[in-house]
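We use all heavy atoms of the structure for the numbers below, so side chains are in, but hydrogens, waters and symmetry mates are not.
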Amino acid sequence: MSHHIIEVKDLQYTYPDGTPALRGVSFLLTHGETVALVGANGAGKSTLLLHLNGCLIPQAGMVRIGDFPLTRKTLPHVRRTVGMVFQDPDDQLFMPVVYDDVAFGPLNLGLPQEDVEERVMNALSIVGATHLKDRPPYRLSGGEKRSVAIASVLSMAPSILVMDEPTASLDPKARRQLIHLLKTFTHTIIIATHDLDMVLDLCARTIVLKEGQVLADGPTWEILQNEELLDSGHLEKPLRLQGCPRCGGERECP
Amino acid sequence: MANIESSFLDVSYLDTLSYQTTIIHRLDPRIKLITTLFFIATVLSFGKYEIAGLIPFVIYPVVLIALGNLPIAYLLKKVLVAAPFAFFVGIFNPLMDRAVLVQLGPLELSGGWVSFASIMIRFILTVTAALILIASTGFNSVCMALEKMGAPKSLAVQLLLLYRYLFVLGDEASRLTRARSLRTFESRGLGFKVFTNMIGQLLLRTLDRAKRVHLAMRCRGFDGEIRVSRPLKIGGRDLGFMLGWSGLFVLMRLYPIPQWMGGMVAELLK
Amino acid sequence: MHMADALISPTVGGAMWVVTAGLTAYSAGKLKENIDDSRVPLMGVLGAFIFAAQMINFSIPGTGSSGHLGGGMILAILLGPHAAFLTMASILTVQALFFADGGLLALGCNIFNLGFFPCFLAYPFIYRKIVGERPTPRRILVGSLVAAILGLQMGAFGVVLETLFSGISELPFGAFLLLMQPIHLAIGVVEGLVTAAVVTFVWKARPEIMETAIAPRAIKAFSMRKVLGGLLVITVLTGGVLSWFASTNPDGLEWSMFRTSGKEELEAPQKGVHALLAALQEKIAFLPDYSFRKSAKEEPEKAGEAQTRGKSTKEESWPAVSVGTSLSGLIGGLMTLIIAGFIGFGLRKYQGRKR
């Protein structure tokens, strides 16, 4: 199943105003991997994500999704393969009611009515939101919005999921539910986030970006233990790996 | 629109009302739209000195409010809030038109007062009808109805998106005003300069949001057209509603029902 | 200012609906021609922005009142005339439905007054002419100010004409004009200043946005003569058809036109500057002296009118009943109200029991 692969090779991107955002990023994601993309604000995470489903076209270097390099020609194919979950669900949920929003993608794929219906209900039941289908998005809680945003992408049956800050502005319980949900997915997933505790739970591998370049790429456990590396990437050890707040010791206080 | 923040609350309250499932709410939105328009047109087609002929039309809002389980006090309050323009233009009628039109014993009513009363009754009837339409149908369904009835698709889509982001941007704007009011004292800081900076900021954020929404659309195969699948079906009950009411409106327009009833009472008293 | 349902006749409302529907279809068609799918969300979100921006106001120094953004002009500058017209139309629709600003039948009038004038006249022929291809803050200021003021003046004039042709309000043309135009001059100045300031702000912060907005797009393909010609034809046709229909009813368009013109002859037989000044003076002091004279003059006319009205009712297929002339009308009206109240009460009880 080679279409679950993402390959990025020496990707460069400079914004129209001259700010360089990506300065030669390379990595390879294989089928079924869940990878975290971490780094300081402005390190280039969002710009990188926008390349992965063709919102931006590489200026130099290459992005390959499955068997196809990303070009204007392969854009429809790439968009079908890669599902992008945006940071602010209000940007993603633009249709009047939840059902319409989840059906938006399948309808654009030109599927017949029955298939659309099936896909929508299927996607909603995966995220546990079938009861929300007739609600307008502005009547959903933050966690519900996030679930529905994910469903609106799942209904297009992508092989690869790209997520930008999925746990941002969720309450702890909704965050935990989201982590459980993501654990059940078999897609190739790439998550850009500051939530390193979630990274610890979900992602076996972590890529650290700094100033538009890959600072480190390896097993999450190793990277999140390396304080020197984390510090230079404007990051911090996940709370769970830090010492006890009462005695500063490595283990829990008795 | 003096207090727009509360207007936003109103929108969301009317929106809530439209999620009920009463017999009125379940009618096809097109039917309700057409009936409402016909009601308004019939009411407005009366002559300007008409009062008694307008009164039977009250039956339409009354029945819909009752069957649609709508809060009558709230709707009346909304009608009052909207009254000033009609009132201020109408109030000139009594000043301009002083010819006596009605003689009630010693009491003389000028044509101006009669036509002013007529304006206010028209106003109450038409505004209530429009509010009932939205409270019993919901904005999205009204848009669907418009589109199904031949309004340009781009207008329908535009209406849907506007309504969707009304709440999002309304929140943003109220955060901005709150932030300002927390740091203004004795109206310093409420001036023009600060105001335009705020509006400018809000506009920039809005433009950025439009860009992100567009990206989100493109990511899901958007090609310039928004496809909305919502089968609407007009059943016998819908047709009955429309024809029944329209027939009643025509009857009430043609025959002076109150006149007859009043006449009968007068006969009895004699 | 929004035209209200209560003040217009179905003839005027219907004619303006048809005109506005034509303009909407034309704009939607134009939008489809130059495909740019980023416009779709942009229009929707900017429409919501106008609402949100109206939540924010500023205090106007020395008056104790406050001002806020109206919207038509800034939309035209950011979106171009066609998209701005559609956006304005949807804003006014939402206002009509939720805030009871205007009304459903008056919606055509309102979209025309607040959409057509700023988007199709003030923006292309005033703002663009003044600002040109290379904007400067000063040009933006002058352009916005002049365009907003004139756009609103035209809109206010539209309100006056629509009210006049509807014949529901007794306000004489001149007095209403003198009431509306100065108010809208003030509103226009505020609108122009706000528009200029916001446009300049955006232009300084993100010049690229304004450049794409300023790029000559649809304007060149936009033939004003055709549009105006089409509008004229539509208006005359619908006006004609509707007033023919309404002529069975003495309160239609023709009747009101006849009334006003008749009044005009009675009141202002002289012409020229002198008459104008006299009329002005009369209007400034239009209470109570003015109306006294008028009522005295109108009395016989009105009486005759009532008679013709009474007569005509018998012959017409849509009899306009001359009600209120007798007690029975009032009693009957009261009874109808009470019965309606009972019906509503009963239905609600019934509804409640079913639940």
Side-chain angles (χ1 to χ4, degrees), chain B residues 4 11 40-41 44-45 47-48 51-53 55-56 58-59 62 66 82 85-86 89 92-93 95-99 102 114 119 122-123 126-127 130 134 152 154 158-159 161-162 165-166 169-170 173 177 187 190 192 195-196 198-200 206 210 213-214 224 256 258-259 261-263 265-266, chain C residues 4-7 10 24-25 28 31 35 37-38 41-45 47-49 51-56 58-59 86 90 97-100 103-105 168-171 197-198 201-202 205 209 251 291 295 298-299 302 320-321 323-324 328-329 331-333 335-337 340 344 347-348 351:
Chain B
I4 299 200
V11 174
I40 293 175
L44 298 184
S45 74
K48 71 171 175 184
I51 291 181
I55 289 176
V58 173
I59 193 71
V62 164
F85 183 64
V89 175
F92 283 95
N93 281 9
L95 298 170
M96 296 289 158
D97 179 358
R98 295 197 162 188
V102 184
V114 173
I119 287 178
R122 280 158 211 267
F123 173 78
T126 51
V127 169
I134 203 73
S154 45
Q158 152 76 20
L159 280 166
L161 282 170
L162 181 143
Y165 285 99
L166 202 62
L169 293 183
T177 36
S187 91
L190 289 172
F192 188 70
F195 166 76
T196 53
M198 283 166 74
I199 298 280
T206 305
V213 172
H214 181 229
Q259 200 85 2
M261 288 185 5
V265 172
Chain C
D5 263 0
L7 299 174
T24 310
L31 219 59
I35 280 181
D37 58 28
S38 70
L42 184 61
M43 284 163 61
V45 180
F49 160 77
F51 271 99
Q54 288 179 345
M55 286 173 64
I56 308 174
F58 66 96
S59 50
L86 284 180
S90 53
L97 284 171
F98 285 95
F99 303 132
L104 288 186
L105 194 68
I168 306 287
S169 162
E170 283 289 336
L171 265 177
V198 173
F201 180 93
V202 174
I209 290 170
D251 311 302
S291 42
S295 68
E298 276 218 19
E299 209 135 24
K302 190 132 289 160
V321 186
V323 192
S328 56
I331 298 176
M335 282 172 59
T336 327
L337 263 184
L347 283 174
R348 172 135 307 177
Q351 234 359 45

(message) Test side chain to side chain contact (heavy atoms under 4.5 Å, CB included) on B:H214 and C:L42; report intermediate values, then the result.
(response) CA-CA 8 Å; B:H214 181 229; C:L42 184 61; over 6 Å; no
(request) Can you measure from OG1 (B:T126) to CG (C:L7) and round to the nearest 0.5 angstrom? (result) 9.5 Å
(request) Tell me, for B:I40 versus chain C, whether the close heavy atoms (under 4.5 Å) come from the side chain, the backbone, both or neither. (result) side chain
(request) May I ask you to name which of B:I199, B:V58, B:V213 has the most heavy-atom pairs under 4.5 Å with chain C? (result) B:I199
(message) Out of B:T206, B:N93, B:L159, return the one with the most heavy atom pairs under 4.5 angstrom to chain C.
(response) B:N93
(request) With sequence neighbours excluded, tell me which residues meet side chain to side chain donor-acceptor pair (under 3.5 Å) with C:T24. (result) none
(request) Name the member of B:L161, B:L44, B:V62 that forms the most heavy-atom pairs with chain C at distances under 4.5 Å. (result) B:L44
(message) Heavy-atom pairs under 4.5 Å with chain B: which of C:A28, C:P41, C:G344 has the most?
(response) C:P41
(request) Against chain B, work out which of C:G103, C:G47, C:S38, C:A205 has the most heavy-atom pairs shorter than 4.5 Å and name it. (result) C:S38
(request) State the CD1-NZ distance between B:I119 and B:K48, to the nearest 0.5 angstrom. (result) 8.0 Å
(message) So, taking the atom named CD in B:Q158 and the one named OG in C:S90, what distance separates them when rounded to the nearest 0.5 Å?
(response) 3.5 Å
(message) Quick check on B:I134 against chain C: is it the side chain, the backbone, both or neither that has a heavy atom closer than 4.5 Å?
(response) side chain
(request) Determine yes or no for a side-chain-to-main-chain donor-acceptor pair under 3.5 angstrom, with C:D5 supplying the side chain and B:A41 the backbone. (result) no
